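Computed from a predicted structure; not experimentally measured. Throughout, residue positions are numbered sequentially from 1 according to the sequence presented.
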Amino acid sequence: MISFFNRKKYLVDLLEGFTDIHNHILPGIDDGAQTVDVSIELIKGFSEFGVNSFIMTPHIMYNYYDNTPATICEAKKVLEDELLKRKMETVQFTAAAEHMIDSNFESILTEKTTMLLGKEHLLIEMSYLQPPINFDEAIIAITHNRLFPVLAHPERYNFLLNRTHRYTELKEQGILFQLNMLSLSEYYGKEVAKIASKLLEEGMIDFIGSDVHNLNHLNTLKTITLSKKTVSLIQPIIEKTINTFSV
């Protein structure tokens, strides 16, 4: 007999009214949606479970995705025009960016050409294979600019998987953690799911986002189920994300 208390719940059932703070929906400027039609399909998919609010975060990555406020705002305008054309008035979105900590990062920070989450948060990432040599300096520079660094998907960095004490050290530097929704499944692998669970249980996760790049990501997101325990850990993070970043 299956106990009622052991029944799992779909993640998307918790997302009504959510603001997705990490995604790659803006068209044609990184490894996310390649056309505005794909952007629209992603937005429609999110609306099926009550998500109509987004902070869109294309990559800014030196010599790879050399986006700037100008290129990001241009893609934003393309999407705005298409939403208006299709009379999709319920969709609300703004643009920020996911900033790679690389050799050019501190230059754009100094030039104030970063794209913020809201007014005072900066979404950052690093290589999955090894930390950048300027990481600590970059974090100091961010905080000196009176910004809060938000590390995207900390559970996914391969070099941290066997050095879990580093998560505590990162938190002590004032870094906030943003969990990827897909990490609540084994989409990225069992080890990533295990670290995601550990970070949740230890209260280290501050925010959550989809990091959706394509329709496959979105369709997988719809299939994720959660235990009662995980629901109890995730709900406050969802609420904190909404309260901090509502568009």
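- A pairwise comparison of heavy atoms in Phe18 and Met181 identifies CE2-CE, 3.3 Å as the closest pair.
- Here Leu117 contributes atom CG and Leu122 contributes atom CG; the two are 7.5 Å apart, rounded to the nearest 0.5 Å.
- Side chain of Asp30 to main chain of Gly32: a donor-acceptor pair is present (N/O by atom type, distance under 3.5 Å, no hydrogens or angles).
- Between Ser47 and Lys44, the closest heavy-atom pair is OG-O, 2.6 Å.
- In this structure, Thr244 and Phe148 have side chains that are not in contact, with every pair of non-hydrogen atoms separated by 4.5 Å or more.
- Judged as a ring-ring contact (aromatic ring centres under 6.0 Å, His included), the pairs with a partner in residues 33-54 (not counting sequence neighbours) are, in order, Phe46-Phe49, Phe46-Phe54.
- Closest non-hydrogen pair, Glu98 versus Ala152, comes out as OE2-CB, 3.6 Å.
- In this structure, His217 has its ring center under 6.0 Å from that of Tyr187.
- When the salt bridge (Lys or Arg N to Asp or Glu O under 4.0 Å) test is applied to Glu82, the partners found at least two apart in sequence or on another chain are Arg86.
- Screening residues 115-142 for salt bridge (Lys or Arg N to Asp or Glu O under 4.0 Å), with sequence neighbours left out, gives no hits.
- A salt bridge does not link Glu74 with Lys77: none of the charged nitrogens is closer than 4.0 Å to a carboxylate oxygen.
- Under the 4.5 Å side-chain heavy-atom criterion for ILVMFWY residues, a single connected hydrophobic cluster contains both Leu215 and Val91.
- Here the closest non-hydrogen pair linking Leu14 and Gln235 is CD2-NE2, 3.7 Å.
- With values rounded to the nearest 0.5 angstrom, Met115 atom CE is found 8.5 Å from Thr68 atom OG1.
- In terms of heavy atoms, Ile101 sits closest to Ala138 at CG2-CB, 3.8 Å.
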List the atom pairs, donor and acceptor, that lie under 3.5 Å between side-chain atoms in residues 191-200 and the rest of the protein, sequence neighbours left out.
from	atom 1	to	atom 2	distance (Å)
Ser197	OG	Glu201	OE2	3.4
Lys198	NZ	Glu202	OE2	2.7

Applying side-chain contact (heavy atoms from CB on, under 4.5 Å), run through Met204 and Glu155 and close with a yes or a no. CA-CA 11 Å; Met204 288 191 173; Glu155 72 281 2; over 6 Å; no
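- Taking the centre of each ring, Phe245 and His22 stay at or above the 6.0 Å mark.
- By the 4.5 Å heavy-atom criterion applied to side chains, Leu83 and Phe93 are counted as neighbours.
- Environment of CG in Asn216: crowded, with over 12 heavy atoms of neighbouring residues, nucleotides or ligands closer than 6.0 Å.
- Linking ILVMFWY side-chain heavy atoms closer than 4.5 Å, directly or via other members, places Tyr188 and Leu161 in a single hydrophobic cluster.
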Could you go through the side-chain contact (heavy atoms from CB on, under 4.5 Å) check for His213 and Asp211 one step at a time? CA-CA 6 Å; His213 285 63; Asp211 197 11; 3.0 Å; yes
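- We find the CD-CG distance between Glu48 and Leu218 to be 7.5 Å, quoted to the nearest 0.5 Å.
- A distance of 8.0 Å separates CD in Glu111 from CD1 in Ile108, rounded to the nearest 0.5 Å.
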Where do Leu42 and Asn23 land on the side-chain contact (heavy atoms from CB on, under 4.5 Å) test, with the steps shown first? CA-CA 10 Å; Leu42 289 170; Asn23 58 75; over 6 Å; no
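- The hydrophobic side chain of Leu84 is isolated, with no ILVMFWY side chain under 4.5 Å apart from it.
- Other cluster members for Tyr65: Met61, Tyr64, Met100, joined by side-chain heavy-atom distances under 4.5 Å among Ile, Leu, Val, Met, Phe, Trp and Tyr.
- Of the possible polar contacts, none joining the His24 side chain to the Val212 backbone as a donor-acceptor pair under 3.5 Å is found.
- Taking the side chain as every heavy atom from C-beta outward, Phe159 and Leu129 never approach each other to under 4.5 Å.
- Remark: side-chain polar atoms of Thr241 are paired, donor with acceptor, to backbone N or O of Ile208 under 3.5 angstrom.
- Considering only heavy atoms from C-beta on, Tyr128 comes within 4.5 Å of His153 through its side chain.
- Side-chain contact between Asp206 and Val150 is absent, with no heavy-atom pair separated by less than 4.5 Å.
- Ring geometry, His121 versus Phe207: the interplanar angle exceeds 60°, so the pair is classed perpendicular (tilted spans 30 to 60°).
- For Ala97 against Ile60, the heavy-atom pair with the smallest separation is CB-CD1, 3.6 Å.
- Remark: the Asn104 side chain and the Glu106 side chain contain no N/O donor-acceptor pair separated by less than 3.5 Å.
- A 4.5 Å side-chain heavy-atom check between Leu123 and Ile55 finds every atom pair outside the cut-off.
- With hydrogens and angles ignored, the 3.5 Å screen pairs no side-chain donor or acceptor of Tyr157 with any backbone N or O of Pro131.
- Looking at Leu151 and Tyr167, their side chains never come closer than 4.5 Å, going by heavy atoms from C-beta outward.
- With values rounded to the nearest 0.5 angstrom, His165 atom NE2 is found 9.0 Å from Leu160 atom CG.
- Atom OH of Tyr62 is surrounded by 12 or fewer heavy atoms from other residues, nucleotides or ligands within 6.0 Å.
- Taken to the nearest 0.5 Å, the CG atom of Leu233 stands 12.5 Å off from the NZ atom of Lys228.
- Looking at Val38 and Asn214, their side chains never come closer than 4.5 Å, going by heavy atoms from C-beta outward.
- Judged purely by atom type and a 3.5 angstrom limit, Ser39 uses its side chain to pair as donor or acceptor with the backbone of Ile25.
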Go through the steps for Asp20 and Leu15 under the test side-chain contact (heavy atoms from CB on, under 4.5 Å), then give the verdict. CA-CA 9 Å; Asp20 185 24; Leu15 298 179; over 6 Å; no
